[in-house]
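Every heavy atom of this structure was used, including side-chain atoms; hydrogens, water molecules and symmetry mates were not.
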Amino acid sequence: MAYIIKTYDYDGNFYGYFAAHPDDAENKSFSYYVDERKDAKRFETYAEADNMIERFSDGSDLEYIIIQDVNENTTLSEFIEGWVEENYGANEADNPSWNIDALADAITEFMNR
């Protein structure tokens with residue numbers, strides 16, 4: 001699972017997704033934002049994304065949020081399993097004390113009513 005940074009201006013309007021700068025791919029000196037989610041820079045951990053925000057937040061009036069990057073083919077069950085692994089560990093995701101698929105079905109049913 002990867003994470004991306006989504007930014008908003010001070011009025012709450014979407015500003016862009018954090019991305020690699022064309023002249024500074026590691027973003028060592030510059031921040032850079034794009035409109036398309038597919039072009040956003042992916043971070044392997046939440047902490048890595050948070051560290052990048054920390055580097056650039058003082059020089060900006062932007063608001064930042066870190067979101068999980070899931071592709072359009074990810075099922076709700078896969079998303080929940082990844083979330084559980086990230087937040088509670090691989091052991092809980094691999095051998096949960098509850099039914100991930102049943103939860104996904106219940107959420108889908110709730111959202112479709």
Side-chain angles (χ1 to χ4, degrees):
M1 186 168 307
Y3 297 89
I4 59 177
I5 300 169
K6 191 173 185 180
T7 58
Y8 297 87
D9 66 18
Y10 61 92
D11 287 329
N13 300 311
F14 174 71
Y15 185 80
Y17 296 100
F18 188 87
H21 191 283
D23 297 325
D24 179 19
E26 296 299 314
N27 300 97
K28 291 181 180 180
S29 300
F30 305 108
S31 59
Y32 188 72
Y33 304 93
V34 293
D35 292 333
E36 297 293 326
R37 181 180 180 134
K38 67 179 178 56
D39 298 327
K41 185 171 190 163
R42 268 79 182 155
F43 299 91
E44 290 187 27
T45 66
Y46 186 95
E48 190 180 330
D50 191 50
N51 287 341
M52 189 62 72
I53 290 172
E54 199 60 36
R55 291 181 61 207
F56 294 108
S57 63
D58 288 344
S60 170
D61 289 333
L62 298 175
E63 296 292 327
Y64 301 86
I65 61 168
I66 299 169
I67 57 177
Q68 291 179 345
D69 181 40
V70 293
N71 69 45
E72 60 207 34
N73 298 321
T74 301
T75 66
L76 183 55
S77 293
E78 291 168 337
F79 174 80
I80 292 170
E81 186 174 340
W83 187 89
V84 169
E85 182 175 348
E86 179 74 24
N87 291 280
Y88 296 100
N91 190 40
E92 182 64 23
D94 292 340
N95 190 19
S97 58
W98 45 283
N99 188 323
I100 290 176
D101 292 328
L103 175 61
D105 290 344
I107 291 170
T108 299
E109 186 176 314
F110 175 80
M111 297 302 291
N112 289 329
R113 61 182 178 140

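- With a 4.5 Å cut-off on side-chain heavy atoms, I5 and F43 count as touching.
- For the pair A20 and A25, the tightest heavy-atom approach, listed with the atom from each and the gap, is CB-O, 3.4 Å.
- In this structure, the separation between CD1 on I4 and CZ on R42 is 5.5 Å, given to the nearest 0.5 Å.
- Residues F18 and Y33 bring their aromatic ring centres within 6.0 Å.
- Heavy-atom minimum distance, D24 versus F30: OD2-N, 3.1 Å.
- Residues P96 and D94 share a closest heavy-atom pair of CD-C, 3.5 Å.
- Between the CG atom in L76 and the CG atom in D101 there is a gap of 9.5 Å [rounded to 0.5 Å].
- Atom NZ of K6 is separated from atom CG of D69 by 11.5 Å, given to the nearest 0.5 angstrom.
- K41 places none of its side-chain heavy atoms less than 4.5 Å from the side chain of Y32.
- With hydrophobic clusters built from ILVMFWY side chains whose heavy atoms lie under 4.5 angstrom apart, V84 does not share a cluster with I67.
- No donor-acceptor distance shorter than 3.5 angstrom exists from the side chain of D39 to the backbone of V34, with no hydrogens or angles considered.
- Rounding to the nearest 0.5 Å gives a distance of 8.0 Å between OG of S77 and CG of L103.
- The main-chain N or O of T75 is found under 3.5 Å from a side-chain atom of E78 such that the two form a donor-acceptor pair.
- Contact of the K28 side chain with the R55 side chain is registered, since non-hydrogen atoms from C-beta on lie closer than 4.5 Å.
- A donor-acceptor pair under 3.5 Å is absent between the side-chain atoms of D11 and the main chain of N13, judged by distance alone.
- Counting heavy atoms of neighbouring residues, nucleotides and ligands inside a 6.0 Å radius, atom CZ of F14 exceeds 12 of them.
- Counting heavy atoms from C-beta outward, Y64 and E54 have side chains that stay 4.5 Å or more apart.
- Checked by atom type and distance alone, the side chain of N87 pairs as donor or acceptor with a backbone atom of W83 at under 3.5 Å.
- When all heavy atoms are compared, the tightest approach of S97 to E92 is N-OE2, 3.5 Å.
- Separating the CG atom in D61 from the OH atom in Y10 is a distance of 8.0 Å, to the nearest 0.5 Å.
- Residues Y17 and E36 approach most closely at CD1-C, 3.7 Å, considering heavy atoms.
- Considering every non-hydrogen atom in both Y3 and A49, the closest pair reads CB-CB, 4.5 Å.
- Atom CD1 of I107 and atom CG of N112 lie 12.0 Å apart (nearest 0.5 Å).
- Around CD of E63, the count of heavy atoms belonging to other residues, nucleotides or ligands within 6.0 Å does not exceed 12.
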